[in-house]
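Step one of this worksheet: look at the structure below.
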Amino acid sequence: MAFKYSSAFVEAVQDAPVRSLGQELGLLCVQGNLRATYVAQVLNVTRMTVHLWFRGSSISPGKHFTVKALVKILKEDLENGTLPVKT
């Protein structure tokens, strides 16, 4: 079961200046209503790793390209109205 982001987390992500790729991913996931569990499955990492990235931890070089590609897709989907997901 995927848990919703807490209101404190959403506020922290939305209010924080984006300084890293992981923080950008976090902001896009909040805007797109995408749960960290699903993002973790797509990226083949743990949910905790995704949350660490959202909070600014560095992304390993082996995952950097894939995360960058996902960020690009999420931006495009937000722009064309595919995101946010309803459920």
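Source: prediction; values computed, not measured.
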Measure across [X] and [Y] and return the closest heavy-atom pair with its distance rounded to 0.1 Å.
X: Gln23; Y: Arg19; result: OE1-N, 2.9 Å
X: Ser20; Y: Gly56; result: OG-CA, 3.8 Å
X: Leu21; Y: Lys68; result: CD2-N, 4.0 Å

Taken to the nearest 0.5 Å, the spacing of Leu83 CG from Gln31 CD works out to 10.0 Å
I need the Leu34 CG to Leu70 CG distance, nearest 0.5 Å.
8.0 Å
N/O donor-acceptor pair under 3.5 Å between [X] side chain and [Y] backbone:
X: Tyr5; Y: Cys29; result: no
X: Asn33; Y: Val85; result: yes
X: Glu11; Y: Ala8; result: no

Look at the side-chain heavy atoms of Ile, Leu, Val, Met, Phe, Trp and Tyr, link any pair under 4.5 Å apart, and say whether [X] and [Y] land in one connected group.
X: Phe54; Y: Leu43; answer: yes
X: Leu78; Y: Val71; answer: yes
X: Val10; Y: Trp53; answer: yes

Between Val39 and the options Val45, Val50, Leu74, the side chain to side chain contact (heavy atoms under 4.5 Å, CB included) test singles out Val50
Close side-chain approach of Lys63 and Asn44, heavy atoms under 4.5 Å:
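Lys63 reaches Asn44 side chain to side chain.
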State, yes or no, whether a side-chain contact exists between Tyr38 and Arg47 at a heavy-atom distance under 4.5 Å.
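A side-chain contact is absent here, since even the closest heavy-atom pair is not under 4.5 Å.
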Is a salt bridge present between Lys75 and Glu24, judged by a nitrogen-to-oxygen distance below 4.0 Å?
yes
